[in-house]
A.B. asks: 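Questions regarding the structure given below will be posed in turn.
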Number of protein chains: 2
Amino acid sequence: MGTDTRTQILDIAERLLQQRGYNAFSYQDIADELGIRKASLHYHFATKAALGAAIAVRHGARVGAALQHIDGLDISIWQRLDLFFEPFLMLAKSCNLMCVGGVLAAESSTLPVSMQTHMGAFFTRIHAWLTQTLEAGRADGHLTFDVDPAVKANTIIATLEGLILISKAHSSTDFIDPVIADIKASLGA
Amino acid sequence: MGTDTRTQILDIAERLLQQRGYNAFSYQDIADELGIRKASLHYHFATKAALGAAIAVRHGARVGAALQHIDGLDISIWQRLDLFFEPFLMLAKSCNLMCVGGVLAAESSTLPVSMQTHMGAFFTRIHAWLTQTLEAGRADGHLTFDVDPAVKANTIIATLEGLILISKAHSSTDFIDPVIADIKASLGA
DNA sequence: GTCTATAAGATGATAGAC
DNA sequence: GTCTATCATCTTATAGAC
């Protein structure tokens, strides 16, 4: 693979972040997995805070691109929502990975300020996108719900984040699809 | 105050757990706050894993007692649900405290096995209680919803846990009450 | 029950050779 | 870019005096 070391470090660190949280992985863990010494990591990311911020930035950019991509597709509102739900579903069904945004929110008070800032921007962005998508879906008659679209967006994001969280507490994953169906039903499915 | 040291340690540790997570507080933090040396803490809790398990056990017992207490009251189903929602709402509005169950779920993979076990039992218990409460409410005609009560219970618990999570990402708490209203609307309010 | 003292290991981080 | 070597600090935990 021609992937550069910096990207490999980001990939490993991001996965460790999702598996354990920011406070429970170390440079040593990354070094072991990558097969280099931990001191070498500091050449690519001077501090752990810088590495954490880089993960948050990249994740934010990816999510932004994914939302833009959905906007560019000529598909139904329900397909749009399915594409939005998909990554949350995958994480919930994995049972051992947190959402990057969710884990940063959970550990928020212990994180470097720059990570907190990126985390806040991340949630602001997906909330804005979902609000606007729900609003458009209702305006053209495909969705039916009574509350403010901004409120419904918060309800849905909370439910998706919580779903990932409680998937770690349940031994089965059977409950996940029905909850998604329940969310869709609240939109008139 | 006549509170014994063991209880004081549990109280401080529980709050630190909610503020920072299990991996981001230390015996030193507790010792500083309590005004004794950290070595003394080991007299009360030999290991951090034992302390963590004790927090989980006490929390489970408290939640169990609270649910039993609600069951013993002669109140409406809506009042019952409000009492159930209340602690989640308080945590969400605090913006800097996680739910004990939620933080254990988020950090699950990094926790001592005994803590994982108690966390699982905790969620099983509140899910069973909410399922049964929703079922009874629908049977006597006060609640109206179409899905399996066990599914609706999962949707609600996920939404409440997610609400606490995303409250750390938003700068305002105004969105919380509307989401709760949205949950109630899904039950026929 | 709490103290002092100490251990053994991990952590993020730096200096300087190659 | 990666290495060895080292650092100061923090972590959980133990031994033994009071």
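A note on names: the letters A, B, ... follow the listed sequences, proteins ahead of strands, and every chain is numbered from 1. Note that this is a predicted model, so its numbers are computed, not measured.
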A.B. asks: Have a look at B:F25 and say if it touches a base, only the backbone sugar-phosphate, or nothing, with a 4.0 Å heavy-atom cut-off.
C.D. replies: sugar-phosphate
A.B. asks: Please report the shortest heavy-atom distance between A:F123 and B:H170, naming the atom on each side.
C.D. replies: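 For A:F123 and B:H170, the tightest heavy-atom pair comes out as CB-CE1, 4.4 Å.
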A.B. asks: Determine whether the aromatic ring centres of residues B:F175 and A:H127 are separated by less than 6.0 angstrom.
C.D. replies: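 No, too far apart.
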A.B. asks: Examine distances only and state if a side-chain atom of A:T155 and a backbone atom of A:V151 form a donor-acceptor pair shorter than 3.5 Å.
C.D. replies: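 Present.
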A.B. asks: Using the closest heavy atom to pick a nucleotide of DNA chain D for each, name whichever of A:Y43 or A:K38 lands nearer the 5' end.
C.D. replies: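 Upstream on the strand: A:Y43.
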A.B. asks: Do A:K48 and A:Y22 form a cation-pi contact, if we require the NZ or CZ to be under 6.0 Å from the six-membered ring centre and within 45 degrees of the ring's axis?
C.D. replies: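 The answer is yes; both the distance and angle limits are met.
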A.B. asks: Look at all strands and tell whether B:Y27 reaches a base, only sugar-phosphate, or nothing, counting heavy atoms closer than 4.0 Å.
C.D. replies: sugar-phosphate
A.B. asks: Determine whether a donor-acceptor pair (one donor, one acceptor, N or O, separation below 3.5 Å) exists between the side chain of B:K48 and the base of D:dT11.
C.D. replies: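 No.
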A.B. asks: What's the separation between atom OG1 in A:T117 and atom CG in A:L111, rounded to the nearest 0.5 Å?
C.D. replies: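 Taking OG1 in A:T117 and CG in A:L111, the distance rounds to 10.5 Å.
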A.B. asks: Tell me whether the rings of B:F84 and B:F88 are parallel (<30°), tilted (30 to 60°) or perpendicular (>60°).
C.D. replies: tilted
A.B. asks: For a 4.0 angstrom threshold against heavy atoms of chain B, report the outermost contacting nucleotides of DNA chain C in 5' to 3' order.
C.D. replies: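 So the outermost contacting nucleotides come out as C:dG1 to C:dA5.
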